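Letters go in sequence order (proteins before strands), and every chain restarts at 1. Quantities reported herein were computed from a predicted structural model and do not represent experimental measurements.
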Amino acid sequence: MGETTNIFETHFANQQTVFLDRNAISPHFMPNKFPFREKQIHEISQIFSTNLNQKKSDNLFLYGKTGTGKTSVTRLVLRQLLEFAGKQNLPINGTYINCRNHNSKYRVLSKVVKELFPEENFLGYSAAFIYDKVMDGVNKKKTNYLIVLDEIDKVKDLDDLVYALTRSNDELENGSVSVVGISNNVFFKERLDPRTKSSLCQHEMIFPPYNAEELNKILDERAELAFKPKAIEESAINLAAAFAAKESGDARTAVMLLLKAGELADKKQETSVQDVHVQKAKKKVEEELILNMIATLPKHQQLLLHTIASLSMHKKSQQRITGTIEELPLFSGEIYEEYAKNARNVKEQPVSARWYREYISELEMFGLILTAASGHGIRGNTRLIRLSFDAKKIKEALEKQFENA
DNA sequence: CCTCCACAGGAAGCGCAGGAGT
DNA sequence: ACTCCTGCGCTTCCTGTGGAGG
């Protein structure tokens with residue numbers, strides 16, 4: 001054996017990296033600067049500052065697509081408010097709650113009560129008791145309490161919750177409770193009960209998507225923190241910004257693109273991140289999205305997709321023999337027959353032909369396949385079907401999926 | 001031109017799980 | 001805890017459509 005070398009040590013020593021602080025482009029990183037959100041920051045802090053005069057601040061509703069900075073901006077302003085209040089000894093409290101994990105009135109109130117009484121345990125108490133306890137806590141502390149409800153559309157009994165929280169202000173002798181709702185569903189507001197809507201939307205604010213130029217600036221700033229000097233090409237940043245702007249205007253995916261590009265450069269032990277890496281990263285992200293999508297498909301839709309993948313590979317090999325040039329699409333009928341056969345092979349009752357057509361439409365909507373109406377030269381009125389992505393990759397992904405099931 | 005083929009996609013209805021109402 | 005209701009996934013049945021072939 002000789003002398004022992006720590007395998008990680010060599011790994012660490014030999015590994016050269018383009019990153020300076022990889023954390024700065026991780027999805028969880030909380031920047032303290034938000035370019036192009038000055039107006040929103042100003043407006044929110046304006047509203048929050050009412051609390052500094054020991055008065056209840058207005059409720060607030062924020063919406064905009066994912067990656068537009070709603071959450072980060074709100075958390076930043078809240079944190080600074082609490083810091084300032086702490087220094088000045090002002091009675092202000094606040095909690096950020098993600099409603100994906102706290103998706104009911106009871107869970108939200110439990111979270112609040114835990115903040116108010118950190119030492120006590122409230123497991124198993126009734127909803128009414130928890131509510132009273134929250135009121136009691138706010139009243140005794142004479143505090144102005146800010147509750148930030150992120151992904152507020154996930155709360156099942158939201159009308160109840162908002163009603164309870166607004167009503168609480170009438171019951172409180174001291175202190176107050178204000179609500180900040182955040183949602184990325186634009187239509188969510190319209191579906192609310194009118195009373196809930198009017199109390200929640202005392203103020204509302206929109207976070208628009210970023211355009212390419214803005215994303216560019218944002219990425220520039222982050223890249224400076226995250227990458228070593230000269231370890232990333234300007235054009236690579238431009239490219240990542242352009243991709244993200246075209247897709248969604250989402251800063252998170254733009255940043256993610258840079259992170260993946262950096263990882264790819266590291267893997268190849270290259271000294272700088274270039275356009276190629278961003279392109280590859282984009283492809284990788286897309287692939288992951290597709291695989292994710294495939295994994296969540298119902299079983300029979302997976303079987304169907306697997307059939308389509310197998311058949312199109314089969315056709316391709318035939319093509320090589322006959323020397324046909326253009327890619328042959330599959331006929332709707334032949335796919336159904338083959339699918340039904342495959343389903344029975346694995347002891348599954350195939351879905352009806354009608355429902356199969358519905359599946360085909362869905363797969364098309366997801367962008368996994370392409371369909372076209374049969375034109376001249378083909379008998380009957382049918383659909384011609386082709387895979388949108390590499391058949392082999394999709395087939396492999398599905399087979400892995402079946403193994404796990 | 002008519003008929004047949006090979007489907008597309010609408011309408012109705014069925015069984016079931018899960019939420020609302022009491 | 002109970003029923004009632006509703007939405008969902010699906011089947012059955014049906015009418016519509018566009019080209020091939022006689």
Query raised in the report: Does atom CD of A:Glu337 have more than 12 heavy-atom neighbours from other groups under 6.0 Å away?
Result: no

Query - NZ/NE/NH1/NH2 to OD/OE distance under 4.0 Å, A:Arg22 and A:Glu263 - result: yes

Query raised in the report: Are A:Glu151 and A:Lys154 within salt-bridge range, i.e. N to O under 4.0 Å?
Result: yes

Protein-nucleic acid N or O pairs under 3.5 Å, nucleotides 12-15 of chain B:
none

Query raised in the report: Applying the salt bridge (Lys or Arg N to Asp or Glu O under 4.0 Å) test to A:Lys393, which of A:Glu286, A:Glu287, A:Glu288 qualifies?
Result: A:Glu287

Requested in this report: Could you tell me, to 10°, how much the axis swings from one end of the helix from B:dC1-C:dG22 to B:dT22-C:dA1 to the other, five pairs per end?
Outcome: 20°

Under 3.5 Å, which N/O atoms of the protein pair with N/O atoms of nucleotides 16-22 of chain C?
| residue | atom | partner | partner atom | Å |
| --- | --- | --- | --- | --- |
| C:dT17 | O2 | A:Asn381 | ND2 | 3.2 |
| C:dG18 | N2 | A:Gly380 | N | 3.4 |
| C:dG18 | N2 | A:Asn381 | N | 3.3 |
| C:dA20 | OP1 | A:Gly377 | N | 2.8 |

Query raised in the report: Got more than 12 heavy atoms from elsewhere within 6.0 Å of CD, A:Glu399?
Result: yes

Which pairs of donor and acceptor atoms, one on a side chain in residues 59-71 of chain A, lie under 3.5 Å apart (sequence neighbours left out)?
| residue | atom | partner | partner atom | Å |
| --- | --- | --- | --- | --- |
| A:Asn59 | OD1 | A:Lys56 | NZ | 3.3 |
| A:Asn59 | OD1 | A:Val179 | N | 2.8 |
| A:Asn59 | ND2 | A:Ser199 | O | 3.0 |
| A:Thr68 | OG1 | A:Lys65 | O | 2.6 |
| A:Lys70 | NZ | A:Gly64 | O | 2.8 |
| A:Lys70 | NZ | A:Lys65 | O | 2.9 |
| A:Thr71 | OG1 | A:Asp150 | OD2 | 2.7 |

Query raised in the report: Looking at A:Tyr336, is A:Arg357 sitting on its ring face, NZ or CZ under 6.0 Å from the six-membered ring centre and within 45 degrees of the normal?
Result: no

Query raised in the report: Counting only heavy atoms not in A:Arg100, do more than 12 fall under 6.0 Å of its CZ?
Result: no

Requested in this report: Decide if atom CD of A:Glu213 counts as having more than 12 heavy atoms of other residues, nucleotides or ligands within a radius under 6.0 Å.
Outcome: no

Report task. Count the heavy atoms belonging to other residues, nucleotides or ligands that lie under 6.0 Å from CD of A:Glu38, then report whether that count exceeds 12. Result -> yes

Query raised in the report: Crowded around A:Lys228 NZ? As in, over 12 foreign heavy atoms under 6.0 Å?
Result: yes

Query raised in the report: Would you call A:Glu364-A:Arg383 a salt bridge at under 4.0 Å N-O?
Result: yes

Query raised in the report: Roughly how many Å is it from CD in A:Glu334 to C1' in B:dC5, rounded to a whole number?
Result: 16 Å

Report task. Go through residues 350-366 of chain A and report each residue with a non-hydrogen atom lying under 4.0 Å from DNA chain C, sorted by number. Result -> A:Pro350, A:Val351, A:Ser352, A:Arg354, A:Trp355, A:Tyr359

Query raised in the report: More than 12 foreign heavy atoms under 6.0 Å from NZ of A:Lys114: is that the case here?
Result: no

Requested in this report: Please check if atom CD in A:Glu173 has more than 12 non-hydrogen atoms from other residues, nucleotides or ligands closer than 6.0 Å.
Outcome: no

Query - Length of the NZ-C1' vector between A:Lys299 and C:dC10, whole Å - result: 15 Å

Query raised in the report: When you check every protein heavy atom under 4.0 Å of nucleotides 17-22 of chain B, what one-letter string (B, S, -) results, 5' to 3'?
Result: ------

Report task. Among A:Leu161, A:Val162, A:Asn98, find the one that has a side chain to side chain contact (heavy atoms under 4.5 Å, CB included) with A:Leu149. Result -> A:Leu161

